[in-house]
Amino acid sequence: MVNLGRSKGCNTCRRRRVKCDEAKPACARCQRSGIPCLGYQRNDQLSVRFKDQTQLISSRFRPEPIDAGASRYDRSLRPAPALPYALSESYETVAVNFFLRSFLTYGRSYASSRGLFENIIPTLSTVTSDSPVALAVSSIGTLLLNSWRRESGRPELALRLYGQTLRRLQLDLQSPSAAKAEATFLAILLLQFHENLSSVLGLSKAARTHHEGALVLVRRLPPSTFESDTSKRLLLYLLNTELSSAIRECRIPPLDLVERVRSIAETMSLNPSNKLDQIGVQVAEIQVLFTQLPQGYCGCASPAGAHIILLIDLYKRAIRLQSALSAWEQSVPDHWQPRQWEPPTPSFPAIQMYRGICEIYPSIQIAAIWNTWRGYCLIVYRILVRIHASKQPDILSLTPQLPDDPIEPAAIELLQAVIDAICYSVPFHLGNRTQPRGMLDLTQPEFECPAYYNLRTATISQEPIMPAEEHKRHLVTQGGWHALIPLSQVVAQFSGNRHDCDCISDVLRAGQLEWIRGQLLRSVFLLALDKNKFMSSTVVDHDAEGYAARVRDGLRLTCGL
């Protein structure tokens with residue numbers, strides 16, 4: 001758990017676990033050893049130390065005995081006994097540790113970071129325990145722990161902490177300073193994450209109040225405020241969330257934010273996720289342009305010459321984007337490439353795979369980046385198919401070196417391959433899980449999941465592999481969330497889109513959309529987002545399109561889990 005006890009000795013000696021003479025400003029032991037002395041933790045700051053008490057805490061959350069005749073779903077949905085209100089402070093500490101350990105550590109690195117979670121722990125070590133950042137972390141942790149214990153509604157403690165965060169943030173904004181700007185920016189982003197999380201857990205639409213506040217803060221503060229690597233990563237995250245919202249709502253992200261991030265790209269090394277966001281801005285633009293076609297437009301039925309200027313512009317943009325997306329795919333590290341996995345032994349229940357294929361990745365975060373790329377491909381390839389199906393002579397003449405109908409078959413094949421790849425990633429995210437997630441899943445994971453640690457090939461063994469225990473915790477806490485995003489996008493794209501026509505309606509294989517709908521509903525069930533409607537494993541008959549829309553409303557600003 002997070003321990004806020006007294007700090008003894010300098011930070012260097014504490015990390016080396018040696019006795020410190022506590023000399024100021026630098027201890028003699030460090031000076032004799034030629035090691036930089038990192039100084040002493042201030043008494044009014046938050047000192048984060050970890051002590052694993054998961055077994056102790058989870059034992060308090062064991063469900064009460066249930067009649068033998070009750071179904072396993074009834075048993076899994078029974079909430080754990082509530083802690084007494086008198087223990088609220090201890091509960092807060094447990095909740096913070098639960099958030100830090102379960103969501104901010106496993107499977108995360110700056111190589112695959114989108115800019116938010118990886119900055120939380122370093123910032124916590126530099127702020128006071130009653131700062132907006134620390135309070136926001138406590139509120140998020142409490143909300144998450146409450147959800148994992150399956151208690152109904154928001155807990156009182158999380159609401160109180162949320163209110164305290166708002167009050168402290170308001171005071172900081174009334175007396176802004178360059179020293180506080182970075183932490184203030186992070187606190188605002190954490191409040192928006194809290195809003196996203198609350199909305200998804202309640203399957204409601206997320207408000208973007210705090211996100212808009214972050215945009216205002218960036219516009220008002222001078223560029224020099226964002227010179228540190230931490231602040232630059234936070235700006236990259238802000239663009240990522242704004243871009244996710246723009247794609248879902250079919251609009252163009254703010255150009256001033258895009259330009260600010262482009263200037264950052266010239267001063268630091270971008271990881272593949274950040275580079276993909278640069279392409280995503282153009283994807284959002286072409287998506288908006290396509291929706292400007294008149295209501296009821298259908299490329300394959302449109303009269304010759306209709307909307308030809310817009311179609312030609314869209315066609316050229318789509319071809320350029322197709323090349324950019326292909327170049328990104330070739331540029332990612334080799335160990336990021338998806339690898340096919342086969343079950344070493346039959347499992348029960350069986351791992352649900354589409355066409356018997358499962359592809360695995362080093363982490364859920366890396367898989368999420370791949371599915372973001374596939375989401376962009378989905379938009380671009382669909383536009384290519386629908387435009388080229390119009391068979392406009394002016395468009396066909398743009399590629400005279402190719403046969404008369406060169407793009408449509410190729411784009412359809414690419415589109416099908418992208419959707420297949422999304423399906424192949426689902427078992428990596430969900431394994432063979434059949435019950436809603438709960439606290440005991442973190443300490444006694446009784447399920448099978450595809451992962452790198454199952455492989456024994458030479459190419460994989462050269463890369464760091466997440467141990468089985470860590471990977472299962474990683475999958476339980478984050479797999480379902482990241483499966484929901486691409487699945488809901490496919491369901492939304494292929495369910496009554498007003499620009500669809502006969503040229504694209506048959507792209508999916510027979511039964512594929514039904515399989516995707518079933519996996520989306522399964523993810524909702526495993527996350528216990530709507531437990532009143534899912535009391536058994538038979539969920540396919542429910543309204544998948546409705547849940548896809550509600551999930552996308554809740555995740556309108558990417559819920560970074």
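A search for salt bridge (charged side-chain N to carboxylate O under 4.0 Å, His left out) contacts involving Glu227 returns nothing, not counting sequence neighbours.
Side-chain contact between Ser331 and Lys275 is absent, with no heavy atoms from C-beta onward closer than 4.5 Å. Side-chain atoms of Val332 and Trp370, non-hydrogen and from C-beta on, do get closer than 4.5 Å to each other. Put simply, the side chain of Val137 reaches to within 4.5 Å of the side chain of Leu190, judged on heavy atoms. Within the 4.5 Å cutoff, no side-chain heavy atoms of Ile364 are placed close to those of Trp481. Under the 4.5 Å side-chain criterion, counting only non-hydrogen atoms from C-beta, Thr225 is not in contact with Val218. Looking at Thr241 and Phe193, their side chains never come closer than 4.5 Å, going by heavy atoms from C-beta outward. A heavy-atom distance below 4.5 Å is not found between the side chains of Glu195 and Thr209. Considering only heavy atoms from C-beta on, Leu157 comes within 4.5 Å of Leu161 through its side chain.
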Run Arg374 and Glu329 through salt bridge (charged side-chain N to carboxylate O under 4.0 Å, His left out) and show every step you take. CA-CA 10 Å; Arg374 291 170 186 135; Glu329 180 185 18; over 6 Å; no

Apply side chain to side chain contact (heavy atoms under 4.5 Å, CB included) to Leu257 and Val261, showing your working. CA-CA 6 Å; Leu257 177 63; Val261 171; 4.3 Å; yes

Would you check, one step at a time, whether the test side chain to side chain contact (heavy atoms under 4.5 Å, CB included) holds for Arg208 with Leu215? CA-CA 11 Å; Arg208 46 183 291 137; Leu215 290 173; 4.3 Å; yes

Going through the checks in order, is the side chain to side chain contact (heavy atoms under 4.5 Å, CB included) test met by Glu22 and Cys10? CA-CA 6 Å; Glu22 301 186 43; Cys10 72; over 6 Å; no

Would you check, one step at a time, whether the test side chain to side chain contact (heavy atoms under 4.5 Å, CB included) holds for Phe447 with Val476? CA-CA 10 Å; Phe447 57 86; Val476 170; 3.2 Å; yes

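Between the CG atom in Leu321 and the OG atom in Ser326 there is a gap of 12.0 Å [rounded to 0.5 Å]. Ile366 contributes atom CD1, which lies 5.0 Å from atom CH2 of Trp336 (distance to the nearest 0.5 angstrom). Between the CG atom in Asn371 and the SG atom in Cys377 there is a gap of 11.0 Å [rounded to 0.5 Å]. The OH atom of Tyr110 lies 8.5 Å from the CG atom of Asp229; values are rounded to the nearest 0.5 Å. Taking CG from Leu276 and OH from Tyr376, the interatomic distance works out to 5.5 Å, rounded to the nearest 0.5 Å. Taking OG1 from Thr165 and CG from Asp130, the interatomic distance works out to 10.5 Å, rounded to the nearest 0.5 Å.
Remark: aromatic rings of Tyr237 and Phe117 are distant, center separation not under 6.0 Å. Remark: aromatic rings of His429 and Tyr361 are distant, center separation not under 6.0 Å.
Between Asp172 and Arg167 there is no salt bridge, since none of the side-chain N atoms of the basic residue sits less than 4.0 Å from a carboxylate O of the acidic one. Between Glu182 and Lys232, none of the side-chain N atoms (NZ, or NE/NH1/NH2) sits under 4.0 Å from a carboxylate O, so this pair counts as no salt bridge. Arg473 and Glu470 are not joined by a salt bridge, as no carboxylate oxygen comes within less than 4.0 angstrom of a charged side-chain nitrogen. For the pair Glu285 and Arg251, the salt-bridge criterion is not met [side-chain N within less than 4.0 Å of a carboxylate O].
Minimum heavy-atom separation, Val127 to Ala183: CG1-CB, 4.2 Å. When all heavy atoms of Leu221 and Ala181 are compared, the closest pair comes out as CD1-CB, 4.2 Å. Smallest separation of non-hydrogen atoms from Ile188 and Gly213: CG2-C, 4.4 Å. Nearest heavy-atom pair, Phe428 versus Cys358, reported as atom, atom and distance to 0.1 Å: N-SG, 4.1 Å. Nearest heavy atom pair, residue Ala23 against residue Ala28, reads CB-N, 4.2 Å. When all heavy atoms of Leu173 and Leu217 are compared, the pair lying nearest together is CD2-CD1, 4.4 Å.
In this structure, a donor-acceptor pair under 3.5 Å is absent between the side chains of Ser131 and Arg168. Side-chain contact, Glu118 with Ser113: a donor N or O sits under 3.5 Å from an acceptor N or O. No side-chain donor from either of Thr126 and Thr123 sits under 3.5 Å from a side-chain acceptor of the other. The closest side-chain donor-acceptor pair between Asn196 and Gln192 falls under 3.5 angstrom.
Of the possible donor and acceptor atoms, none in the side chain of Ser273 sits under 3.5 Å from a partner among the backbone N and O of Arg114. The main-chain N or O of Asn274 is found under 3.5 Å from a side-chain atom of Asn271 such that the two form a donor-acceptor pair. The main-chain N or O of Leu189 is never found under 3.5 Å from a side-chain atom of His210 such that the two would form a donor-acceptor pair. A donor-acceptor pair under 3.5 Å is formed between the side chain of Thr184 and the backbone N or O of Lys180. Checked by atom type and distance alone, the side chain of Thr142 pairs as donor or acceptor with a backbone atom of Ser138 at under 3.5 Å. Of the possible polar contacts, none joining the Ser139 side chain to the Leu135 backbone as a donor-acceptor pair under 3.5 Å is found.
Using cut-offs of 30° and 60° for the angle between ring planes, the Trp373 and Trp328 rings count as parallel.
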